There are 2 protein chains.
Amino acid sequence: MTRPVDIESRAALLERVAAYVLEHGLSDLSLRPLAHAVESSPRMLLYHFGSKEGMVTAVLRAIRARQLAFFDRLRRSEITAPAAVCKAAWSYMSDPNVGPMIKLFFETYALALRTPASFPGFLEGAVEDWLRFLADPLCTGGVSPQRARAIATIILATYRGFMLDYAATGDTQRIGHAIDVWSAALDTVKFDKDSLDAQQA
Amino acid sequence: MTRPVDIESRAALLERVAAYVLEHGLSDLSLRPLAHAVESSPRMLLYHFGSKEGMVTAVLRAIRARQLAFFDRLRRSEITAPAAVCKAAWSYMSDPNVGPMIKLFFETYALALRTPASFPGFLEGAVEDWLRFLADPLCTGGVSPQRARAIATIILATYRGFMLDYAATGDTQRIGHAIDVWSAALDTVKFDKDSLDAQQA
């Protein structure tokens with residue numbers, strides 16, 4: 001009868017560990033102060049997560065699940081036009097509660113660029129999963145897979161760049177205005193196959 | 001007569017330190033292995049740079065100077081249309097020699113998001129200097145300052161996002177194609193005041 005209790009305490013512990021990591025980051029993370037802050041012990045953390053690396057992987061997975069939940073809701077909503085998706089994504093990412101997630105995302109990204117093996121699957125997922133998320137509806141709408149991936153690459157890049165800017169400056173007014181201008185431009189560009197072929201002809 | 005020799009050796013030392021930092025990154029940087037690798041001593045490094053933080057600042061400034069030199073050449077060239085600037089910037093950033101600079105840039109950015117005081121001026125410069133670089137020619141061309149900053153915000157974001165993608169995936173083909181599509185779209189959008197006002201009307 002111990003397993004259900006273990007599972008529950010792991011979930012509760014993971015939540016506290018995630019909150020600590022969101023506040024303090026990964027670069028200087030060490031088990032002892034973390035264990036103290038979450039009212040646990042290094043031994044208990046290792047019991048639940050196997051290793052520090054396993055713990056970080058679990059934290060990143062939990063945070064990623066929260067982001068995906070938002071984007072899944074977005075997908076199931078009526079919002080599908082690129083410009084509308086951008087605006088919804090901006091209102092999500094400029095929520096103060098999301099700020100620490102953005103910082104942690106870029107910290108993980110930078111650390112993974114240096115030592116990819118310590119963050120298995122992170123970089124691949126950080127790009128490929130979102131490209132699919134953005135490209136699939138375009139393909140369904142008749143855009144060729146290659147073109148859809150190009151458009152998805154552009155939208156992902158711009159969105160990530162706005163996040164980088166916002167994380168550094170917190171300038172909601174300038175970035176919000178830029179997103180308005182960008183959304184208006186996106187709506188006029190119409191990234192469907194015919195109009196792009198016409199542009200390039 | 002010692003000063004000229006000191007100055008020369010500091011410059012030579014800085015170059016070796018910068019090469020080491022580009023290869024190994026900042027997250028786990030410590031003086032002793034660095035000093036060994038650059039055939040110096042922690043004492044000599046501290047003599048020249050005052051502190052580890054002073055050394056990192058000098059390295060980042062030296063690397064930034066290299067980037068600015070490229071963009072200054074670009075500015076003095078005939079390339080001024082946003083799309084042409086993007087293509088020139090992409091051919092620069094996809095040069096294998098520039099890869100380590102991009103990784104170090106994002107590493108510094110992430111660390112500075114966590115502890116801005118350790119990287120004085122970095123985040124401000126990383127956004128504001130480039131916004132001015134991109135917005136100034138637009139203002140000269142008659143775009144209002146606020147609109148020029150919005151456009152500069154978009155172009156900077158997209159450029160940074162492409163860099164993030166490229167650093168993670170190295171997928172020159174997909175990103176190069178996305179930049180072609182994006183450049184073609186930029187050319188049709190025409191970010192001048194009248195056409196944007198017309199779009200938003």
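The figures that follow rest on heavy atoms only: side chains count, while hydrogens, waters and symmetry mates do not. Here the structure is a predicted model, which is why all the values come from computation and not from measurement. We name chains A, B, ... by the order of the sequence lines, and we start the count at 1 in each one.
The CZ atom of A/Phe105 sits 7.0 Å away from the CG atom of B/Leu164 when rounded to the nearest 0.5 Å. If you take CZ on A/Phe162 and CG on B/Leu156, they are separated by 9.5 Å, rounding to the nearest 0.5 Å. Taking CD of B/Gln146 as the start and CD of A/Gln173 as the end, the distance is 7.5 Å to the nearest 0.5 Å.
Summarising the geometry of A/Asp165 relative to B/Thr153, their closest heavy-atom pair is OD2-CG2, 3.7 Å, with the distance given to 0.1 Å. Considering every non-hydrogen atom in both A/Tyr109 and B/Ala168, the closest pair reads OH-CB, 3.3 Å. The two atoms that bring A/Ala110 and B/Ala110 nearest to each other are CB-CB, 3.9 Å, heavy atoms only. Of all the heavy atoms in B/Val181 and A/Ile154, the pair that sits closest is CG1-CD1, 3.9 Å.
The choice from A/Arg149, A/Lys103, A/Arg160 that makes the most heavy-atom pairs within less than 4.5 Å of chain B is A/Lys103. Of all the listed residues (A/Leu131, A/Ile175, A/Asp171, A/Thr108), the one sharing the greatest number of non-hydrogen pairs under 4.5 Å with chain B is A/Leu131.
At a heavy-atom separation below 4.5 angstrom, chain A is approached by B/Leu113, B/Arg114 within residues 113-120 of chain B. Using non-hydrogen atoms only and a strict 4.5 Å limit, the part of residues 17-29 of chain B facing chain A consists of B/Val21, B/Leu22, B/Glu23, B/His24, B/Gly25, B/Ser27. Against chain B, the residues from residues 121-130 of chain A that qualify, each with a non-hydrogen atom under 4.5 angstrom away, are A/Leu123, A/Val127 in number order.
In terms of the side-chain contact (heavy atoms from CB on, under 4.5 Å) criterion, residue partners of B/Arg61 (sequence neighbours excluded) are, by chain and number, B/Thr57.
A/Leu104 touches chain B through backbone and side chain together, each having a heavy atom under 4.5 Å away.
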